[in-house]
Amino acid sequence: ALADDTGYGLLRGSVEYRINVASAGNYRLAYRVATFAVSTDARIELTVGGQTVVTSAHTDGSWNTIVESKLLALPAGEHTVRLSVPERGGGWYLNWFSLQRA
């Protein structure tokens, strides 16, 4: 799981991934994420292709799959995906994220 060395998930900072979008289109974002039950303000900020989506990541202490309702329009080609912690939005553990063509 993606986390920092605090023992409380990812509290601050960001991580980047390089992806290759095979065909242009709208993509649905999903996360497999966990938080401590007290981390009620946890949020994940994803930026790709000039678009930013902030998703609530509160899971009440268990692993959940969270599907974002907003679709991302992505052109074909290589992109950098940045996952980051918005101000006061940390405390999540990330198992995986996906972008699936809608």
Side-chain angles (χ1 to χ4, degrees):
L2 175 64
D4 58 28
D5 60 359
T6 64
Y8 296 102
L10 193 64
L11 293 178
R12 63 187 62 80
S14 63
V15 62
E16 292 184 348
Y17 298 92
R18 301 289 290 170
I19 64 168
N20 185 32
V21 175
S23 57
N26 291 319
Y27 287 82
R28 183 164 314 282
L29 171 63
Y31 299 100
R32 178 78 170 156
V33 64
T35 63
F36 289 101
V38 296
S39 300
T40 58
D41 292 331
R43 295 177 316 281
I44 302 172
E45 182 175 292
L46 178 136
T47 302
V48 63
Q51 303 164 86
T52 299
V53 177
V54 179
T55 304
S56 174
H58 175 64
T59 66
D60 206 21
S62 62
W63 286 99
N64 288 327
T65 299
I66 298 170
V67 178
E68 173 60 47
S69 60
K70 180 180 176 183
L71 296 177
L72 294 162
L74 296 174
E78 195 168 286
H79 299 276
T80 299
V81 174
R82 174 179 280 188
L83 297 174
S84 55
V85 177
E87 188 173 339
R88 294 189 317 267
W92 44 267
Y93 293 87
L94 181 69
N95 184 253
W96 54 258
F97 77 96
S98 69
L99 290 165
Q100 293 187 338
R101 189 155 181 180

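In what follows, every heavy atom counts, from backbone to side chain, and hydrogens, waters and symmetry copies are set aside. Heads up: numbering here begins at 1 and tracks the sequence. Model, not experiment: these values are computed from the prediction.
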Minimum heavy-atom separation for Ile66 and Ala57, please, with both atom names. CD1-CA, 3.8 Å
Taking side chain as C-beta onward, heavy atoms only, is Leu83 less than 4.5 Å from Ile44? yes
Applying side chain to side chain contact (heavy atoms under 4.5 Å, CB included) to Leu94 and Leu10, what does each step give before you reach the verdict? CA-CA 8 Å; Leu94 181 69; Leu10 193 64; over 6 Å; no
Between Thr59 and Thr35, the two heavy atoms sitting closest are OG1-N, 2.8 Å
Give the C-alpha distance, both sets of side-chain angles, the deciding distance and a yes or no for side chain to side chain contact (heavy atoms under 4.5 Å, CB included) between Tyr31 and Leu46. CA-CA 11 Å; Tyr31 299 100; Leu46 178 136; 3.3 Å; yes
List the atom pairs, with distances to 0.1 Å, where a side-chain N or O of residues 86-93 and a protein N or O form a donor-acceptor pair under 3.5 Å, not counting sequence neighbours.
unit_1 : atom_1 : unit_2 : atom_2 : d
Trp92  : NE1    : Arg43  : O      : 2.8
Tyr93  : OH     : Gly7   : O      : 2.8
Tyr93  : OH     : Gly9   : N      : 3.1

Do any side-chain atoms of residues 67-77 form donor-acceptor pairs under 3.5 angstrom with protein atoms, and if so which ones, sequence neighbours left out?
unit_1 : atom_1 : unit_2 : atom_2 : d
Glu68  : OE1    : Thr55  : OG1    : 2.6
Glu68  : OE2    : Lys70  : N      : 3.3

Are Val53 and Trp96 grouped together when hydrophobic residues (ILVMFWY) are joined by side-chain heavy atoms under 4.5 angstrom apart? no
Which residue pairs pass the side chain to side chain donor-acceptor pair (under 3.5 Å) test when at least one of the two sits in residues 2-12, sequence neighbours left out? Asp4-Thr6
Treat each ILVMFWY residue as a node, draw an edge where side-chain heavy atoms are under 4.5 Å apart, and state whether Leu2 and Leu99 are in one component. yes
Name all pairs fulfilling the ring-ring contact (aromatic ring centres under 6.0 Å, His included) condition that reach into residues 52-80, sequence neighbours left out, sorted by first residue then second. none
Not counting sequence neighbours, which residues clear side chain to side chain donor-acceptor pair (under 3.5 Å) with Ser98? List them please. none
Ring pair (Phe, Tyr, Trp, His ring centres under 6.0 Å) against Phe97, all qualifying residues, sequence neighbours excluded: Tyr17
Could you go step by step and tell me if Val85 and Leu11 meet the side chain to side chain contact (heavy atoms under 4.5 Å, CB included) rule? CA-CA 7 Å; Val85 177; Leu11 293 178; over 6 Å; no
